[in-house]
S.K.: 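Got a structure for you, written out below as structure tokens; questions coming shortly.
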Amino acid sequence: MSHGRTILRVSATYHLEVEVGDVVRSGESIQKVPDTDELIVSPLSGTVESIQFDPGNHEFIIVIASQS
Amino acid sequence: MRSTVHALWIATVPLSILIVLLGTSLTIAATTFDYQTTKIDPNNLSFYEPSITAESYPQTSATQVRNVIFCIGDGMGINQVTLAGSTVAGPGGKLYLERLPVTGLVRTYSTDSRVTDSAAAGTALACGVKTKNGMIGMTPDEQAYCSILETAKAKGMATGLVVTCTMSHATPASFGSHVKSRKLEPAIAEQLIDNRINVLFGGGRKYFLPQSDPNSGRKDDIDLIARAQTAGYTYVRTASELAKADDSHVLGLFQLDALTTGASEPSLAKLTRKAIRVLKRANLESIDGRYGFFLMIEGSQIDWECHANKANGAIRQTLLFDQAVEAAVDFALKDGHTLVVVTADHETGGMTLIGGGNEDKGDAELAVKWSTKGHSGTPVGVWALGPGATRFAGIQDNTEIPRKIAQLLDIRPFPQQKK
């Protein structure tokens, strides 16, 4: 069952390492910025519920539903 | 012409299976793109009349460049072009942009990544210098560089920007502003007006309205529309107002946010034709017609559809852009002294064409696979027509494009630090 939802905003320039429906663990990579050490990680364990592109801000809005 | 396109949504197949397997009440949706274009049928391509020939446009014998029309398809990789062309004209057909007689390839990397964003790529294409992703019109050490538009204006040329995104989005911003971050759209909008660019056509009215307006996207009291009008701009919001606009400076903001690219607005091609008319007039009024104009046109939303991995939407946006290129070429061929350069800032989606249907068997499906929802680092195409076009043949860096345009316009030095 899902409980809370966490919303992540990440750059839309770079590849996402998750897809809708993926189960992610806390600290697991969401996006690696190429040619840098920058890594965006999931702040919680859960399921990637939706990924929406926000063209105005050129970002992906990733909704992760937490798992208890 | 095929009126309906079916793309294979490979990524959605395992998702469907997953939904069944989970059997929960979770609402799991595919990557969505809930923007204004959602009201538009991406399968309806009836607005587009394909070229009746795949022959190249003629090379010009003229050597003097008077006008430059620089067309940028945001996110438009080679495969986006091929997909759109084969959809409307078959595998052997061509888009109008593919009929430009000179072709080349462009490398797009930025200073901090082999995968550029539109800010760094726009800066390269506008200013001839590399920068970090996110930065506009300046190098990583925050040294501002003049854009080719600004140097053309300093030379006496009329100038214009025509886009389908917000007027202050990364690509147009790179030609008319200098900021540390592409996110500073209110500041970018202010610089665009203060630069007195003759033609500004696009969306993003919210960044021009003071915070007292409920639709404002600003956090200050600056009313850029009033400022523009005081500076002599004619301000228009609709197609009918645009048609009546008869001035040397026209600010056209057709939506609060990005354009819908639907029928309620003037199309990118119509905006292009109007921009050319305004710029010709501005040039005749301001000098003696010798100095010409510089116009940048962007098909902004090819990128957006590719971020959502929507092949049909990418085709539609590429065709809307191609219509604008056709309008530019029509003018250039009649004028004889106009250089048209078409390119992209980067590729989006890592689009691959993995097969096509056999129309003889009634199967017109196009098989498209995406390798990412982000940008890719693959080279993009460049196509050119008009005097000096041959300089754009071969493989080149994106910073070379404005440098070559500057050489052809006898603008020196370029790149040029902003004082």
Side-chain angles (χ1 to χ4, degrees), chain A, chain B residues 11-12 14-19 21-22 24-37 109-120 133-134 165-166 169-170 182-183 185 204 206 217 257-258 300-301 303-310 346 348 350 371-377:
Chain A
M1 290 293 291
S2 65
H3 290 269
R5 286 177 171 81
T6 295
I7 297 173
L8 292 179
R9 280 185 166 268
V10 303
S11 169
T13 299
Y14 309 116
H15 180 65
L16 291 177
E17 298 189 350
V18 295
E19 291 186 2
V20 173
D22 282 358
V23 176
V24 295
R25 285 176 297 181
S26 177
E28 194 172 327
S29 174
I30 298 287
Q31 184 181 62
K32 185 181 182 312
V33 179
D35 306 309
T36 71
D37 296 329
E38 197 177 334
L39 194 65
I40 311 294
V41 298
S42 177
L44 75 166
S45 297
T47 301
V48 178
E49 193 174 87
S50 69
I51 301 172
Q52 187 171 356
F53 174 59
D54 170 6
N57 292 301
H58 200 259
E59 290 176 336
F60 290 121
I61 304 167
I62 303 170
V63 178
I64 301 174
S66 66
Q67 290 177 331
S68 59
Chain B
T12 63
L15 176 62
S16 306
I17 296 168
L18 187 66
I19 293 168
L21 289 177
L22 284 175
T24 70
S25 60
L26 280 175
T27 304
I28 301 177
T31 303
T32 54
F33 178 46
D34 291 330
Y35 210 58
Q36 291 154 322
T37 51
Y109 67 93
S110 65
T111 59
D112 61 339
S113 177
R114 278 169 286 190
V115 178
T116 189
D117 78 336
S118 292
N133 287 356
C165 55
T166 56
H169 216 259
R182 60 184 290 169
K183 293 180 185 291
E185 290 203 58
K206 66 183 181 182
D257 219 306
S300 317
Q301 299 187 26
D303 175 69
W304 301 356
E305 297 289 352
C306 292
H307 274 298
N309 290 174
K310 292 193 171 183
H346 54 76
T348 302
S371 65
T372 182
K373 290 184 172 63
H375 299 175
S376 76

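Convention: sequence-line order gives letters A, B, ...; per-chain numbering from 1.
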S.K.: Please work out which of the three classes, parallel, tilted or perpendicular, describes the rings of B:His307 and A:Phe60, given edges at 30° and 60°.
M.R.: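 Ring orientation of A:Phe60 relative to B:His307: perpendicular.
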
S.K.: For A:Tyr14 and B:Asn133, what are the C-alpha separation, side-chain angles and deciding distance, and is it a side chain to side chain donor-acceptor pair (under 3.5 Å)?
M.R.: CA-CA 11 Å; A:Tyr14 309 116; B:Asn133 287 356; 2.6 Å; yes

S.K.: If I measure from the heavy atoms of chain A, does B:Ser371 come under 4.5 Å with its side chain, its backbone, both, or neither?
M.R.: backbone

S.K.: Working to the nearest 0.5 angstrom, can you tell me the gap between B:Lys373 NZ and A:His15 NE2?
M.R.: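 Spacing of NZ (B:Lys373) from NE2 (A:His15) equals 8.5 Å.
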
S.K.: Any donor and acceptor pair, going by atom type alone, linking the side chain of A:Asp35 with main-chain N or O of B:Arg114 inside 3.5 Å?
M.R.: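 Judged by distance alone, yes, a pair lies under 3.5 Å.
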
S.K.: For B:Ser118, is it the side chain, the backbone, both, or neither that has a heavy atom closer than 4.5 Å to a heavy atom of chain A?
M.R.: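 For B:Ser118, no heavy atom lies under 4.5 Å from chain A.
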
S.K.: Checking A:Glu59 against chain B: side chain, backbone, both or neither under 4.5 Å from a heavy atom?
M.R.: side chain

S.K.: Do you know the tightest heavy-atom contact between B:Thr372 and A:Leu16?
M.R.: OG1-N, 4.5 Å

S.K.: Within this structure, what is the CZ-NZ distance for the pair A:Phe53 and B:Lys310, rounded to the nearest 0.5 Å?
M.R.: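 So the CZ of A:Phe53 and the NZ of B:Lys310 are separated by 12.0 Å.
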
S.K.: Check for a donor-acceptor pair, side chain of B:His169 on one end and backbone N or O of A:Pro55 on the other, with a separation under 3.5 Å.
M.R.: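 Answer holds: yes.
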
S.K.: Provide the closest heavy-atom pair for B:Val115 versus A:Thr13 in the form atom of the first, atom of the second, distance.
M.R.: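 B:Val115 and A:Thr13 have their closest heavy atoms at CG1-O, 3.9 Å.
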
S.K.: Minimum heavy-atom separation for B:Asp303 and A:His58, please, with both atom names.
M.R.: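 B:Asp303 and A:His58 have their closest heavy atoms at OD2-NE2, 3.6 Å.
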
